[in-house]
Amino acid sequence: MVAFIHSFGHKLLFKLLTCYSNQTPIMAQKQLGLNTICTHVGEIKDTQFKGAVSPIYTSTSYEFLDVDIKRYPRYFNTPNQEHLCEKIAALEHAESAIIFSSGMAAISTMFLAFLKIGDHVLVQNTLYGGTVNFIKEELPKYGIEYTFTNGYSVDDFEKDIKPNTKFILIETPSNPLMTVTDIAAVAKLGKSRGILTAIDNTFASPINQNPIDFGIDMVMHSATKYLGGHSDISAGAVAATKHIIDKIWHTGINLGGNLSDMTVWLLERSMKTLALRVKAQTANAMEMAQWLLAHPKVKNIYYPGLESHQEHQLAKQQMNGFGAMLSFELEDGIDALVFQKQLKLIKSSMSLAGVESTVISPFLTSHALLTAEERLNVGISDQLIRFSVGIEECVDLQNDIDQAIENTIKLK
Ligand SMILES: *Cc1c(COP(=O)(O)O)cnc(C)c1O
């Protein structure tokens, strides 16, 4: 089939583009409530057996002659892929969406869809580590220039715009200090200079933040995190206008980062409880942040929901909830690594956003490549612990942290 496509070239591609654009309009469904969207939007009706859930279509080979839509997994247009995109688009208040096999597949495809040799991208200095590596290691190979901002205020972005800047990427709240960037201000800056803007919305999830409402062009997710939510799915997503998604889709076909339909189906199942999970996790995070704030063995808490957070007011303006990620510093003399090993319920784990609570030391993971001095300059001490708050009862999490701190002190 692929060889066939090549021989037909542009004519077929045009047909594919048209059929991809035939997705059900999402706007009509925007007035549905959050949990209703999570549960129902994009579900595939089982007309044959009237089952309650979407069937899985695992075919990699579909009828070719006399059909409007030439379906193929890598064209991102199998039934399960197309339908799940409706749910994601609805949640992000977007016209359209596209899903990938990982967050990095979403990011790399998004970048390469819009950038070419000689272009410049301007990116926030506190991006996810994998994104930083992609930008530094891959973009120069394509002759694409990049600048990391010096800070995360809109002035920091404006300062570094060049005549050839084509793309701005922000991430808010950011990892691991939960800094908050002014989404509307960056979107406005981009619009005024004719620069596309994108946001990594992974930490907030669509439940706590909808950047398209603030004028951002593209919203990206590592669906491996909250959209999946059970630490068992690798996936990514981008939501935007149909015009933008069509461009990403075009490059996506060439790069091939599609998701298997089995996983798409699992992701659909996970997303039915997205709002329930994230709201419970967000409420827990607020309770845990307040508890940690009052804890005698904890010195600093970074959570946008706390009034003490630098950008608390901004977070209030642009977030529906403050999210379920936070970080805190243990008092000096309490070894952060020993502490993590003493935890019995909370897992020490590299990833985040599952229903189970996890912690990690950023100095060992996202910021491992920096020197100790560079880390201190960006506020990452060895005492800092990033906390992905799950759905457990807060009292159990608190007891676990207390016993781990006590044991760490005893072991000294
Ligand atoms: C995990 C993550 C990514 C990358 O996603 P993968 O699914 O691991 O490829 C990108 N951005 C953020 C904020 C993340 O947490």
Side-chain angles (χ1 to χ4, degrees), residues 84 88 92 97-112 121 123-138 148 152 168-181 183 198-209 211 216 218-239 248 252 255-260 263-264 266-267 270-271 274 278 281 285 302 304 319 322-327 349-354 356-362 364-368 380 386-390:
L84 184 59
I88 292 171
E92 277 299 5
I98 183 165
I99 44 175
F100 294 91
S101 54
S102 69
M104 286 316 302
I107 287 184
S108 53
T109 309
M110 185 172 84
F111 269 78
L112 296 176
V121 286
V123 297
Q124 191 168 320
N125 60 349
T126 48
L127 291 179
Y128 172 76
T131 314
V132 172
N133 293 344
F134 167 73
I135 290 166
K136 287 186 175 169
E137 292 173 10
E138 304 303 328
F148 285 88
Y152 52 91
I168 291 176
L169 176 66
I170 63 172
E171 189 172 317
T172 178
S174 75
N175 181 28
L177 296 177
M178 311 302 144
T179 62
V180 177
T181 303
I183 301 172
I199 182 171
D200 185 332
N201 203 29
T202 301
F203 269 33
S205 92
I207 306 308
N208 284 322
Q209 188 166 276
I216 284 278
M218 279 164 265
V219 178
M220 170 270 154
H221 285 280
S222 167
T224 314
K225 313 299 164 51
Y226 288 105
L227 303 195
H230 297 73
S231 308
D232 56 8
I233 290 173
S234 167
V238 183
I248 296 173
L255 295 179
N258 61 286
L259 200 52
S260 98
T263 311
V264 176
L266 265 181
L267 186 53
S270 299
M271 286 186 64
L274 176 69
V278 171
Q281 287 172 272
Y302 303 92
M319 299 183 82
F322 300 108
M325 297 298 302
L326 60 93
S327 54
S349 145
M350 198 173 87
S351 199
L352 59 112
E356 65 287 332
S357 292
T358 60
V359 290
I360 195 66
S361 285
L364 280 183
T365 54
S366 55
H367 293 73
I380 315 289
R386 189 189 69 189
F387 187 6
S388 169
V389 183

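We count ligands from 1, going down the list as the structure has it; atoms in each ligand are counted the same way.
Here the protein heavy atom with the shortest distance to atom 9 (O) of ligand 1 is M104 N, 2.8 Å. The shortest contact between atom 2 (C) of ligand 1 and any protein heavy atom is with K225 NZ, 2.5 Å. The single protein non-hydrogen atom nearest to atom 8 (O) of ligand 1 is Y128 OH, 3.9 Å, given as residue, atom name and distance.
Nearest approach of A106 to A237, heavy atoms of both residues: CB-N, 3.9 Å. Nearest heavy-atom pair, Q281 versus V389, reported as atom, atom and distance to 0.1 Å: NE2-O, 3.1 Å.
A side-chain contact (heavy atoms from CB on, under 4.5 Å) with L127 is found for one member of I107, I170, I135, N175 and no other, namely I135. Checked against Q124 for a side-chain contact (heavy atoms from CB on, under 4.5 Å), the options I199, V132, T179, I168 give a single hit: T179.
Listed by atom number, the atoms of ligand 1 under 4.0 Å from E171 heavy atoms are 13 (C).
Checked against a 3.5 angstrom limit, the closest N/O atoms of F203 and ligand 1 fall outside it. For a threshold of 3.5 Å applied to N or O pairs, the pair formed by G103 and ligand 1 contains at least one separation below that value. Looking at T131 next to ligand 1, no N or O pair under 3.5 Å apart turns up. At a 3.5 angstrom cut-off on N or O pairs, S222 counts as close to ligand 1.
Judged purely by distance below 3.5 Å, without hydrogens or angles, the side chains of N201 and E92 pair a donor atom with an acceptor atom. Residues E171 and T126 bring no donor and acceptor atom of their side chains to less than 3.5 Å of each other.
Atom 12 (C) of ligand 1 has its nearest heavy-atom neighbour, among I233, T224, D200, in D200.
Annotation: F203 is not in aromatic contact with Y226 [ring centroid separation under 6.0 Å not met].
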